[in-house]
Protein chains: 2
Amino acid sequence: MDLPAARLAKQGIRAVAARAGVSTASVSRALNNPDAVSPSLRARIAQAIEAVGYIPHAPARILSSRRSRTLGAIVPTIDNTMFARGIASLQKYLSSVGYMLFLTTSGYDLDVELQQARNLIGRGVDGLVLRGDCHHEGLRKLLADNAVPFINVGIYQPDRPYPCVGTNNEAAAHRAATHVIELGHRRIGIVSALQRNNDRASARVAGFRRALTEAGLALPSQWHVEVPYTLDDAREAARYLLSLEDRPTAVVCGNDVIAYGVLLEAERSGFSVPRDLSVVGFDDLDWSRHLRPSLTTIHVPTGETWQRAGEYLVRSLAGEHTIMHHEVDYSLVVRESTAPPSNP
Amino acid sequence: MDLPAARLAKQGIRAVAARAGVSTASVSRALNNPDAVSPSLRARIAQAIEAVGYIPHAPARILSSRRSRTLGAIVPTIDNTMFARGIASLQKYLSSVGYMLFLTTSGYDLDVELQQARNLIGRGVDGLVLRGDCHHEGLRKLLADNAVPFINVGIYQPDRPYPCVGTNNEAAAHRAATHVIELGHRRIGIVSALQRNNDRASARVAGFRRALTEAGLALPSQWHVEVPYTLDDAREAARYLLSLEDRPTAVVCGNDVIAYGVLLEAERSGFSVPRDLSVVGFDDLDWSRHLRPSLTTIHVPTGETWQRAGEYLVRSLAGEHTIMHHEVDYSLVVRESTAPPSNP
DNA sequence: GCTTAGAATGTAACCGTTTTCAGAAAGGCG
DNA sequence: CGCCTTTCTGAAAACGGTTACATTCTAAGC
């Protein structure tokens with residue numbers, strides 16, 4: 001009757017402590033640092049936890065310990081295979097090291113991104129994973145003021161004083177364009193993704209342009225079209241390019257979805273790929289090798305990229321010193337959609 | 001020097017209170033219930049917040065108020081267009097009503113799902129969005145014990161005592177199969193997704209089978225193949241079906257990815273769709289109407305479904321009484337991939 | 001047997017909010 | 001002008017953990 005364990009505390013760590021006949025400190029230790037508690041106590045506590053059905057209250061834990069073992073991530077959209085894959089890898093890695101991921105989306109809006117960052121910081125995340133280095137000017141200050149470590153993923157900028165991990169999009173795009181140039185193409189069009197607030201898209205365009213320039217080729221403005229991330233828009237762009245009197249014999253695209261749209265439209269318009277038109281994509285999505293013709297593209301190891309971003313932050317948080325700028329390799333995958341021009 | 005506002009409190013709500021020369025209670029009220037505080041104070045506080053760069057600490061808030069304005073969601077994988085779209089819609093809706101979403105993935109593993117639920121509950125989520133009704137047997141008890149409202153999304157089961165929102169997959173699949181039956185097909189194969197821990201896939205298979213049975217058609221076991229969610233596996237299945245001596249003249253598929261694989265393989269194997277083989281998909285992904293031939297499929301309004309799930313929980317949490325079982329319409333979209341059999 | 005270092009455990013003060021309760025200020029009314 | 005509502009505001013007790021510090025126990029060393 002006077003069993004002290006029965007004294008109040010219907011739930012929480014105190015209930016567990018009461019049931020096991022120990023102090024809350026021991027329960028906490030058994031949970032966070034098992035070696036600091038004797039095996040017998042540990043067992044008794046484990047049993048009490050089981051019996052009570054105790055679930056530690058993360059917010060209280062975060063409040064008290066000032067860290068959450070949670071990372072935040074802000075991506076433009078989750079509705080894009082590349083980001084979805086990246087996030088999936090990141091999440092998988094984080095859960096393997098006992099971290100969680102708090103994901104939000106910005107829709108390519110820098111103000112929204114800033115607000116989300118504020119949200120996540122308020123949430124107590126230990127670090128932040130950001131897409132690219134194109135942010136609201138207030139973001140850096142926000143992160144610095146709150147001492148939140150972060151990393152820009154999906155780009156490679158060794159000259160910047162901020163950590164990043166990703167492929168060198170400019171170089172990769174340059175490689176892609178060089179491929180069609182080496183095949184003998186002289187009239188090369190570009191269908192890029194929207195460059196606004198998207199440094200990845202911009203870097204790719206820059207790479208395409210540099211390759212053309214270096215080869216002494218012109219890029220008439222009408223040969224560069226910018227489109228949203230949809231098949232319809234890509235097709236419309238292709239229709240336009242193919243309707244030009246002086247139409248290009250090759251098109252380099254900002255991503256595989258665009259390239260697929262170009263492929264589809266070329267076919268519908270009676271052009272044969274690669275005979276009448278060479279097409280190069282970027283990203284190497286799952287289905288790109290299945291297309292007919294299969295798509296020549298740049299392979300980017302997205303999963304690895306995002307996982308490395310997680311590794312960087314987790315290691316930093318553990319006090320390890322890690323390399324700040326990590327370049328992830330890309331590779332040109334030559335398939336059926338590119339060939340020398342039929343009448344050079 | 002003796003300015004009371006300058007007394008300690010370098011951060012947090014106390015810093016704001018000190019700076020504005022008010023109590024923390026007033027700051028809290030100004031934030032959570034602005035009408036409860038006089039306009040003049042409100043202004044002074046707002047200014048102090050701005051000046052200090054104050055970001056409310058969500059964990060402390062959750063701890064104190066016992067609610068988080070956060071919902072948890074557990075999906076099998078984010079790396080599937082349908083789920084990505086659904087989550088995107090849900091997230092968009094939630095943020096429009098001031099809620100956040102905590103997303104985790106289970107990889108179709110019921111134990112993992114249970115653990116994630118525990119995680120999320122520990123995190124203090126106000127409600128849980130679950131995919132389907134195929135869960136670990138301990139999950140329901142966990143939810144009940146912790147009084148966490150939840151909803152099963154993507155299925156429709158009016159007979160169950162749990163809330164759900166989604167399309168009736170069985171009926172939709174029945175409709176799809178009926179379509180090819182009405183076209184005159186008698187030999188109909190099924191390439192379904194993996195049914196293990198996936199009631200959506202199972203319901204679709206059930207619908208297909210019922211349609212066949214009702215039409216008095218046989219379904220030899222070799223005409224039903226189950227494959228993972230990849231083009232390669234779908235193609236392998238198609239290759240197998242088309243190699244059978246007594247091959248089907250139509251194939252109904254568990255989803256559009258599978259259907260696309262079947263389309264690709266049929267073409268490579270020298271079969272013409274729909275002349276030699278009719279193909280029906282399920283989901284109506286973005287690119288399905290762009291395929292050549294374009295894909296006959298079942299359109300499912302995923303975004304709407306997930307948003308409604310969010311609405312249900314948000315309303316329930318607000319104390320409103322909402323309908324427990326919500327059916328979301330599907331529709332058969334007939335395109336080029338289906339036609340009457342050439343030699344019936 | 002007596003110290004005493006070291007390990008195991010307990011006590012209680014935080015962490016940053018919300019919220020109850022009570023007091024103060026401001027109107028309204030006889 | 002005093003009294004009673006009504007409206008604002010403040011003081012302080014939670015919320016459920018962690019952890020610095022104090023205390024108790026154990027066993028080794030002499």
Side-chain angles (χ1 to χ4, degrees), chain A residues 4-5 7-45 48-49 52-70 119 121-126 146, chain B residues 4-5 7-45 48-49 52-70 119 121-126 146:
Chain A
R7 179 74 69 32
L8 290 177
K10 296 312 283 176
Q11 48 173 300
I13 200 173
R14 296 169 153 73
V16 176
R19 176 138 193 156
V22 301
S23 73
T24 62
S26 292
V27 178
S28 178
R29 276 190 284 260
L31 246 32
N32 301 310
N33 187 13
D35 297 328
V37 77
S38 72
S40 69
L41 251 206
R42 207 183 310 161
R44 218 157 80 233
I45 290 172
I49 288 178
V52 176
Y54 170 63
I55 300 178
H57 194 263
R61 218 208 275 250
I62 295 169
L63 177 61
S64 178
S65 70
R66 248 160 306 244
R67 71 210 126 79
S68 60
R69 289 189 77 82
T70 299
N119 253 336
I121 291 173
R123 228 68 198 192
V125 297
D126 294 338
N146 295 84
Chain B
R7 178 74 68 34
L8 291 176
K10 294 312 284 177
Q11 48 173 301
I13 201 174
R14 291 176 225 270
V16 176
R19 177 138 193 155
V22 301
S23 71
T24 61
S26 293
V27 178
S28 177
R29 275 190 284 261
L31 246 33
N32 301 312
N33 187 14
D35 297 327
V37 79
S38 70
S40 69
L41 251 206
R42 207 185 310 160
R44 218 156 81 234
I45 291 172
I49 287 178
V52 176
Y54 170 64
I55 300 178
H57 193 264
R61 219 207 272 249
I62 295 169
L63 178 60
S64 180
S65 70
R66 254 166 305 257
R67 73 209 123 82
S68 60
R69 290 189 75 82
T70 299
N119 254 334
I121 291 173
R123 228 69 198 190
V125 297
D126 294 339
N146 294 86

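Reminder, nothing fancy here: chain letters follow the sequence lines and each chain counts from 1. Computed from a predicted structure; not experimentally measured.
Between the CD1 atom in A:Ile55 and the CG atom in B:Asn119 there is a gap of 9.0 Å [rounded to 0.5 Å]. Separating the CZ atom in B:Arg123 from the OG atom in A:Ser68 is a distance of 6.0 Å, to the nearest 0.5 Å. Of the inter-residue distances, the one linking A:Arg42 atom CZ with A:Ile49 atom CD1 reads 12.0 Å to the nearest 0.5 angstrom. In this structure, B:Ile121 CD1 and A:His57 NE2 are separated by 11.5 Å, a value rounded to the nearest 0.5 Å. Separation of atoms CZ (B:Arg44) and OG (B:Ser38) is listed at 8.0 Å; rounding is to 0.5 Å.
Residues that satisfy the side chain to side chain contact (heavy atoms under 4.5 Å, CB included) test with A:Thr24, not counting sequence neighbours, are A:Ile13, A:Arg14, A:Ala17. Qualifying side chain to side chain contact (heavy atoms under 4.5 Å, CB included) partners for A:Ala43, counting only residues two or more places apart in sequence or in other chains: none. Taking A:Asn32 as the reference, A:Ser28, A:Arg61 meet the side chain to side chain contact (heavy atoms under 4.5 Å, CB included) condition, with sequence neighbours excluded. Considering only residues two or more places apart in sequence or on other chains, B:Arg67 meets the side chain to side chain contact (heavy atoms under 4.5 Å, CB included) condition with B:Ser65, B:Asp126. A:Ser64 is linked by a side chain to side chain donor-acceptor pair (under 3.5 Å) to nothing, counting only residues two or more places apart in sequence or in another chain.
Phosphate proximity of D:dT19 to A:Arg67: present, with a side-chain N or O under 4.0 Å from OP1 or OP2. Residue A:Ser26 places at least one side-chain N or O closer than 4.0 Å to OP1 or OP2 of C:dG10.
Rounded to whole Å, the distance from CZ on A:Arg69 to C1' on D:dG17 is 16 Å. A:Arg29 has its CZ atom 8 Å from the C1' atom of C:dG10, to the nearest Å. Separating the CD1 atom of B:Ile121 from the P atom of D:dG16 is a distance of 15 Å, rounded to the nearest angstrom.
For DNA chain D, the residues of residues 32-43 of chain A within the heavy-atom distance limit of 4.0 Å (strictly under) are A:Asn32, sorted by number.
The terminal axes of the helix from C:dG1-D:dC30 to C:dG30-D:dC1, fitted over 5 pairs per end, subtend an angle of 50° to the nearest 10°.
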Pull out every protein N or O sitting under 3.5 Å from an N or O of nucleotides 4-6 of chain D, one pair per line with the distance.
none

Tabulated below should be each protein N or O lying under 3.5 Å from an N or O of nucleotides 13-16 of chain C; please produce it.
from	atom 1	to	atom 2	distance (Å)
C:dC15	O2	A:Ser64	N	3.4
C:dG16	N7	B:Arg14	NH2	3.4

Walk me through it: do A:Ile45 and A:Arg19 pass the test side-chain contact (heavy atoms from CB on, under 4.5 Å)? CA-CA 8 Å; A:Ile45 290 172; A:Arg19 176 138 193 156; over 6 Å; no

